[in-house]
Amino acid sequence: MDKQGQERFLSFILQRVQEGKEEEAKAILTENFRKQDEGTFSQSDIAEFIPKMITLIKPEKLEEIQAIVKQFSGNFGSK
């Protein structure tokens, strides 16, 4: 994912995060982007990322986010 893609993904997620959880979500995503940029992002990072993000997302947005994350992690796997 390029920088522009990362920014769009970040913006998309932050719009769906529970109020007051934005900074925590942004920190998690920023760390994952850093690992992607370094080439150290792994399937285990995805496995950690998903449960953390689930606790931050608005319940009514969870299904939408899960679909995007699946697509995102699928794209990651095909690098």
Side-chain angles (χ1 to χ4, degrees):
M1 185 183 299
D2 61 14
K3 287 284 182 203
Q4 193 176 9
Q6 289 176 349
E7 288 299 318
R8 283 197 311 267
F9 187 72
L10 180 63
S11 174
F12 176 85
I13 297 286
L14 291 181
Q15 289 170 19
R16 289 153 179 85
V17 168
Q18 296 171 33
E19 220 167 289
K21 303 282 187 176
E22 295 90 355
E23 285 307 310
E24 189 177 348
K26 189 173 184 176
I28 292 167
L29 288 165
T30 301
E31 174 66 11
N32 285 343
F33 293 155
R34 183 187 62 75
K35 287 181 176 184
Q36 285 175 23
D37 293 343
E38 292 173 350
T40 61
F41 193 65
S42 67
Q43 288 294 332
S44 66
D45 289 312
I46 292 171
E48 283 179 33
F49 164 78
I50 293 172
K52 282 182 192 173
M53 290 307 294
I54 286 172
T55 66
L56 303 177
I57 300 296
K58 294 174 184 170
E60 69 274 15
K61 299 294 185 183
L62 206 48
E63 235 173 86
E64 182 183 14
I65 296 292
Q66 286 174 321
I68 294 297
V69 168
K70 254 188 206 150
Q71 183 184 350
F72 168 73
S73 59
N75 289 345
F76 167 75
S78 64
K79 266 189 173 177

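- Rounding to the nearest 0.5 Å gives a distance of 10.5 Å between CZ of Arg16 and CD of Glu60.
- Between the CE atom of Met53 and the CG atom of Leu29 there is a distance of 4.5 Å, given to the nearest 0.5 Å.
- Here CZ of Phe33 is found 10.5 Å from CG of Asp2. Values are rounded to the nearest 0.5 Å.
- Of the residues listed (Gln36, Lys35, Arg34), the one engaging Glu38 in a side chain to side chain donor-acceptor pair (under 3.5 Å) is Arg34, and it is the only one.
- Nearest heavy atom pair, residue Asp45 against residue Thr40, reads OD2-O, 3.5 Å.
- At most 12 heavy atoms of other shown residues, nucleotides or ligands fall within 6.0 angstrom of atom CD in Glu23.
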Cut-off 3.5 Å, no hydrogens considered: what does the side-chain donor-acceptor table look like for residues 3-14, sequence neighbours left out?
residue : atom : partner : partner atom : Å
Lys3    : NZ   : Asp37   : OD2          : 2.8
Gln6    : NE2  : Asp37   : OD1          : 3.2
Ser11   : OG   : Gln15   : NE2          : 3.2

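- How far CG of Asn32 is from CZ of Phe41: 4.0 Å, rounded to the nearest 0.5 Å.
- In this structure, the side chain of Glu22 engages the main chain of Gly20 through a donor-acceptor pair within 3.5 Å.
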